[in-house]
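Written below as structure tokens is the structure these notes are about.
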Amino acid sequence: MTDLVESVESMEQLTVAWRAMVLDRDEAADVRDLPGIAVRWADCRFPFWNCLTLTDVGADAALLGQRLGQAADIMRTKKRPGFLWLFEDLLDDGARRALETAAEQAGLRHAFPGWGMAGDLLPLPEPVHPELTFVRVTTDEHVQVYADLNSRGYGFPLATGRDGLAGSALWKNEAYAYLGMRGDVPVTCAGAVEAAGRLFVALVATDPEWQRRGYGEAVTRKALYEGARATGLTRATLHATAAGAPVYPRIGFTPNSPIHFYGLKA
């Protein structure tokens, strides 16, 4: 188990940042803090905006089974699929051993793994990449490009990302969101938003044709550099998928809790 304080921080950063992002997508979104479950659900086609997470600290196997059943019931009431984000280090030893069986009994399937990460790493040097220039997201056209890069990076139809981000005020006006440009071609993107005294990195993606060139790391550094310069914040957090997990420690992030993403069984 990692430092429990950092694992709690990671879960709480999700609830704070996702509240803003989901309400940006739909001011009538289902945003509730229930006993042991935070609901952040826009019910849109972009599945990352349809989110639940368990918030109990030190849950035992019995409580875990109860919460998983409740979470699955909430997910069944929704039109669009999404994910339950489960921070493993918030469970006690017995609950971690029981997790696979408890998820199966609740009607949940494991979708993919992730990791919480954080670090007192700011300010960073101004990033430079010999093949990229950086453009801040400030227009609806920029937002659509940002959405399309996320769709390509995560393997979604273009309409899925656009449904999540089209018309966003947050990504144009509040986030420190950047496109990495190779000439006139947008190839990568990353954003950082202020969340409870930290910069929270989200929606980092690189077009599959341009991956493994350091572009994602460079644009993430740019978002953090500009966010820290504007806010004076020194701590940053994020949630990494398997593809991004090797990148972020190079910037200065340290992993904390493993995250399990669950969807409903078909």
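Note on L203: it clusters hydrophobically with L23, by side-chain heavy-atom contacts below 4.5 Å among ILVMFWY residues. Hydrophobic clustering places M117 together with L233 (ILVMFWY residues linked when any side-chain heavy atoms are closer than 4.5 Å, directly or through intermediates). The hydrophobic cluster containing V185 does not contain V135, counting ILVMFWY residues as joined when their side-chain heavy atoms lie under 4.5 angstrom apart, directly or transitively. At a threshold of 4.5 Å between side-chain heavy atoms, the hydrophobic network of Ile, Leu, Val, Met, Phe, Trp and Tyr places Y146 and F200 in one connected group. Put simply, F261 and V201 are part of two different groups of oily side chains (I, L, V, M, F, W, Y) that touch within less than 4.5 Å, one to the next.
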D93 vs R97, test: side chain to side chain contact (heavy atoms under 4.5 Å, CB included). Steps then yes/no. CA-CA 6 Å; D93 291 342; R97 290 193 296 270; 3.7 Å; yes
Give the C-alpha distance, both sets of side-chain angles, the deciding distance and a yes or no for side chain to side chain contact (heavy atoms under 4.5 Å, CB included) between F48 and Y154. CA-CA 11 Å; F48 291 129; Y154 290 102; 4.1 Å; yes
Given ring pair (Phe, Tyr, Trp, His ring centres under 6.0 Å), test W85 with H239 step by step and report yes or no. CA-CA 10 Å; W85 302 44; H239 300 120; 5.6 Å; yes
Please walk me through it: do T206 and Q211 pass side chain to side chain donor-acceptor pair (under 3.5 Å)? CA-CA 6 Å; T206 299; Q211 291 176 357; 5.7 Å; no
Can you list the steps and then say if D3 with N256 is a side chain to side chain contact (heavy atoms under 4.5 Å, CB included)? CA-CA 7 Å; D3 186 334; N256 47 67; over 6 Å; no
Residue pair F87, L14: steps toward the side chain to side chain contact (heavy atoms under 4.5 Å, CB included) verdict: CA-CA 11 Å; F87 292 81; L14 174 66; 3.9 Å; yes
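Using a 4.5 Å heavy-atom cutoff, the side chains of R152 and D148 are in contact. Using a 4.5 Å heavy-atom cutoff, the side chains of D140 and W171 are not in contact. For the pair I37 and T53, the minimum side-chain heavy-atom distance is 4.5 Å or more. Inter-residue side-chain proximity for D56 and L64 is flagged as unmet; no heavy-atom pair is nearer than 4.5 Å. W41 has its side chain out of reach of W49: every pair of non-hydrogen atoms, C-beta onward, lies at least 4.5 Å apart. Side-chain contact between S257 and L90 is absent, with no heavy-atom pair separated by less than 4.5 Å. In this structure the side chain of I251 reaches within 4.5 angstrom of the side chain of L224, judged on heavy atoms. Considering only heavy atoms from C-beta on, Y248 comes within 4.5 Å of T220 through its side chain.
Checked for salt-bridge contact, R235 and E6 meet the test: a charged N lies under 4.0 Å from a carboxylate O. Ion pairing between a basic and an acidic side chain is recognised when a charged N comes within 4.0 Å of a carboxylate O; D33 and R40 show such pairing. Checked for salt-bridge contact, E209 and R182 miss the test: no charged N lies under 4.0 Å from a carboxylate O.
In this structure, P127 and A218 approach most closely via the heavy-atom pair CB-O, 4.0 Å. Considering every non-hydrogen atom in both L170 and S168, the closest pair reads N-OG, 3.3 Å. Looking at every heavy atom in both residues, A195 comes nearest to V16 through CB-CG1, 3.9 Å. Considering every non-hydrogen atom in both R45 and A159, the closest pair reads NH1-CB, 3.9 Å. Closest approach of L199 and A228 over heavy atoms only: CD1-N, 3.4 Å. Nearest heavy atom pair, residue A29 against residue A42, reads CB-CA, 3.9 Å.
To the nearest 0.5 Å, atoms CG (D92) and CG (D60) are separated by 5.5 Å. One distance of note links CE of M75 with OH of Y262; it measures 11.5 Å at 0.5 Å rounding. Taken to the nearest 0.5 Å, the OG1 atom of T55 stands 8.5 Å off from the CG atom of L34. Interatomic distance, NE2 of H142 versus SG of C189, reported as 12.5 Å (0.5 Å rounding). Distance OG/S151 to CZ/R162: 8.0 Å, rounded to 0.5 Å. Atom CG of L124 is separated from atom OG1 of T234 by 11.0 Å, given to the nearest 0.5 angstrom.
Checked by atom type and distance alone, the side chain of D207 never pairs as donor or acceptor with a backbone atom of L149 at under 3.5 Å. In this structure a side-chain-to-backbone donor-acceptor pair under 3.5 Å is missing from T101 to A98. Remark: side-chain polar atoms of N50 are paired, donor with acceptor, to backbone N or O of C44 under 3.5 angstrom. R198 contributes a side-chain N or O that, together with a main-chain N or O of A196, makes up a donor-acceptor pair within less than 3.5 Å. For the pair R136 (side chain) and Y178 (backbone), a donor-acceptor distance under 3.5 Å is absent. Formation of a donor-acceptor pair under 3.5 Å by the D43 side chain with backbone atoms of R80 is found in this model.
Ring centroids of F83 and F112 are separated by less than 6.0 Å, placing the two rings close together.
A donor atom on one side chain and an acceptor atom on the other are not found under 3.5 Å apart for T231 and E194.
The one candidate from R67, M11, H110, H260 that meets the side chain to side chain contact (heavy atoms under 4.5 Å, CB included) condition with L86 is H260.
Annotation: R76, atom CZ; neighbour count of heavy atoms from other residues, nucleotides and ligands within 6.0 Å is above 12. More than 12 heavy atoms of other shown residues, nucleotides or ligands fall within 6.0 angstrom of atom CD in E131.
The salt bridge (charged side-chain N to carboxylate O under 4.0 Å, His left out) check on D24 picks up nothing, with sequence neighbours excluded. With sequence neighbours excluded, the residues that form a salt bridge (charged side-chain N to carboxylate O under 4.0 Å, His left out) with E226 are K222, R229.
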